[in-house]
Amino acid sequence: MPIAETFPEIREGVRKVCEHFPGSYWRDKDRDMAYPSEFVQALTDAGYLAALIPEEFGGAGLPLPAASAIMEEIQRTGCNGAACHAQMYIMGALLRHGSDEQRQTYLPRIASGELRLQAFGVTEPTSGTDTGALRTTAVRDGDDYVVNGQKIWTSRAEHSDLMLLLARTTPLSDVGRKTDGLSIFLLDMQAARDAGMSIRPIRTMMNHSTTEVFFDNVRVPAENLVGEEGKGFRYILSGMNAERILVAAECIGDARWFLDKVIAYAQEREVFGRPIGQNQGVQFPIARAYAQTQAAALMVERASDLFEANEPCGEEANLAKMLASEASWAAAEACVQFHGGFGFAEEYDIERKFREARLYQVAPISTNLILSYLAEHVLGLPRSY
């Protein structure tokens, strides 16, 4: 069954929530670089952000393909799921590797929306996607770890109650592989602020609520360590696959939003006495973007199914993210191009979505890094870096 036809009741429910947040709402938020708290709360109240949390912890207990459908539909309505998508996948590390006490303490409150776990502290200014080279340290001192360092592009840090933080607990010189000796911690954001953590917003070309986060001798209780010390990198890998799949689903939704817009406009807009959609120069880019979208959607579906079956899905998750981001960008290009000047006018929402869609060829992992992964791990070519 094509992904566009899966989970129809869930998709309809998501659309009903999103109907209350039209383009004017998003334009106002974009203009003020403001966080869409009302939208996030509405999705929370409807239970969609707790989709992947098991029922025993108060969540919906839905499979990843259902979560993909939720994120796709949010984007297709013209809304922006980037404001809250991390609430779905970051908790995966806690669910899979946290202690029973941690799961019982946090997951029900995350599911209800009492706590927001939307910040993922991984990337740093000096290391970028070279995660093994990160410099933020967490040094054990009695019943605490003392954290020092800096994170960047930590989105939603100002709007999260909790952060999943990756830090080095064993010096790089003392490990066999760069990815060894890293650990993950669940930070209480208010407690961390009181203990020396500071947050600086970064203004970007889209309203993404991203920040730099600084740690200056921040004491974190040892009980907030998730899983075993030194194994944090492997803990976040499966979460990264979920992230890529859900972001890919968002890109499919964006692509379909752009296609819906440009197809309708190409049929209505007349120049030289005929609809512009009658011209092959207009038809072909739209048709090609549609073909890319359908193919990418199948890969998202495939990756979602493999993840849910607990099968290896690194190749499929990366392919889904790359192909879907390229499809959404192709659809965005066609939509702007054939709307002409109107594509740049705020009131049509195209320029806003155009800016938002561009992000996903860079984050959460760049297209070049995906190509490097495929070359080395799938095709068996020599490592390039």
Side-chain angles (χ1 to χ4, degrees), residues 10 13-14 17 35-71 74 80-122 151 154-166 183-193 197 199 209 211 213 220-221 223-227 232 235-243 245-247 249-250 307-308 364:
I10 289 176
V14 171
V17 172
Y35 186 73
S37 298
E38 305 85 356
F39 172 70
V40 175
Q41 190 60 52
L43 286 175
T44 301
D45 292 343
Y48 292 119
L49 298 187
L52 297 176
I53 296 177
E55 292 183 66
E56 64 181 292
F57 298 114
L62 295 174
L64 190 68
S68 296
I70 291 169
M71 298 314 302
I74 288 171
N80 188 359
C84 52
H85 57 194
Q87 186 87 351
M88 281 192 177
Y89 59 77
I90 293 180
M91 67 82 208
L94 177 62
L95 176 64
R96 288 184 289 273
H97 306 291
S99 66
D100 289 340
E101 182 179 355
Q102 288 173 333
R103 289 195 290 266
Q104 292 290 346
T105 299
Y106 293 107
L107 288 176
R109 299 168 70 193
I110 294 170
S112 70
E114 180 186 347
L115 292 177
R116 288 181 180 171
L117 172 55
Q118 300 187 156
F120 197 14
V122 176
K151 298 295 180 178
T154 306
S155 299
R156 300 162 300 274
E158 294 181 294
H159 307 284
S160 294
D161 300 298
L162 302 169
M163 173 195 284
L164 194 68
L165 173 71
L166 184 68
S183 303
I184 53 174
F185 300 86
L186 196 62
L187 263 65
D188 179 316
M189 295 294 276
Q190 187 55 56
R193 281 177 185 260
M197 182 188 77
I199 301 173
S209 303
T211 68
V213 184
V220 178
E223 63 189 27
N224 287 29
L225 173 71
V226 178
Y235 292 162
I236 67 171
L237 282 180
S238 61
M240 287 180 171
N241 282 333
E243 176 187 38
I245 292 167
L246 290 174
V247 166
E250 291 181 57
F307 184 94
E308 188 59 31

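- Looking only at distances, a side-chain donor or acceptor of Q102 sits under 3.5 Å from a matching main-chain atom of E223.
- Distance check: M88 CE to E243 CD gives 13.5 Å after rounding to the nearest 0.5 Å.
- Side-chain atoms of R109 never come within 3.5 Å of backbone atoms of E114 as a donor-acceptor pair (strictly under, hydrogens ignored).
- Proximity of P65 to E308: side-chain heavy atoms (C-beta onward) are separated by under 4.5 Å at one or more points.
- The nearest pair of heavy atoms linking A93 to V226 is O-CG1, 3.9 Å.
- Contact between A119 and A157 at its shortest, heavy atoms only, is CB-CA, 4.0 Å.
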Show the numbers, then the answer: is there a side chain to side chain contact (heavy atoms under 4.5 Å, CB included) between L52 and L95? CA-CA 10 Å; L52 297 176; L95 176 64; over 6 Å; no

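- One distance of note links CG of L162 with CG of L115; it measures 5.0 Å at 0.5 Å rounding.
- In this structure, CG on L117 lies 9.0 Å from CE on M91, to the nearest 0.5 angstrom.
- Looking at residues two or more places apart in sequence or on another chain, you find a side-chain contact (heavy atoms from CB on, under 4.5 Å) between E38 and F21, Y25, K29.
- Here the side chains of L64 and L246 are in contact, with some heavy-atom distance below 4.5 Å.
- Of the possible donor and acceptor atoms, none in the side chain of R156 sits under 3.5 Å from a partner among the backbone N and O of Y35.
- Counting heavy atoms from C-beta outward, R116 and L49 have side chains that stay 4.5 Å or more apart.
- The shortest heavy-atom contact between A111 and A50 is O-CB, 3.6 Å.
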Passes side chain to side chain contact (heavy atoms under 4.5 Å, CB included), F39 versus I74? Steps please. CA-CA 11 Å; F39 172 70; I74 288 171; 3.8 Å; yes

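- Residues P36 and A83 approach most closely at CG-CB, 3.4 Å, considering heavy atoms.
- Side-chain atoms of Q87 do not come within 3.5 Å of backbone N or O of C84 as any donor-acceptor pair.
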Would H159 and V40 count as a side chain to side chain contact (heavy atoms under 4.5 Å, CB included) here? Give the steps. CA-CA 11 Å; H159 307 284; V40 175; over 6 Å; no

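- Remark: the backbone N or O of L166 is paired with a side-chain donor or acceptor of K151 at under 3.5 angstrom.
- At least one side-chain heavy atom of I70 sits less than 4.5 Å from a side-chain heavy atom of I10.
- Atom OG of S160 and atom CD1 of I90 lie 7.0 Å apart (nearest 0.5 Å).
- Residues V14 and Y48 come closest through the heavy atom pair N-OH, 3.4 Å.
- Rounded to the nearest 0.5 angstrom, D188 CG and M163 CE are separated by 11.5 Å.
- Between the OH atom of Y106 and the CG atom of L94 there is a distance of 8.5 Å, given to the nearest 0.5 Å.
- V247 and P364 get closest at one heavy-atom pair: CG1-CD, 3.9 Å.
- In this structure, T211 contributes its side chain and T154 its backbone to a donor-acceptor pair below 3.5 Å.
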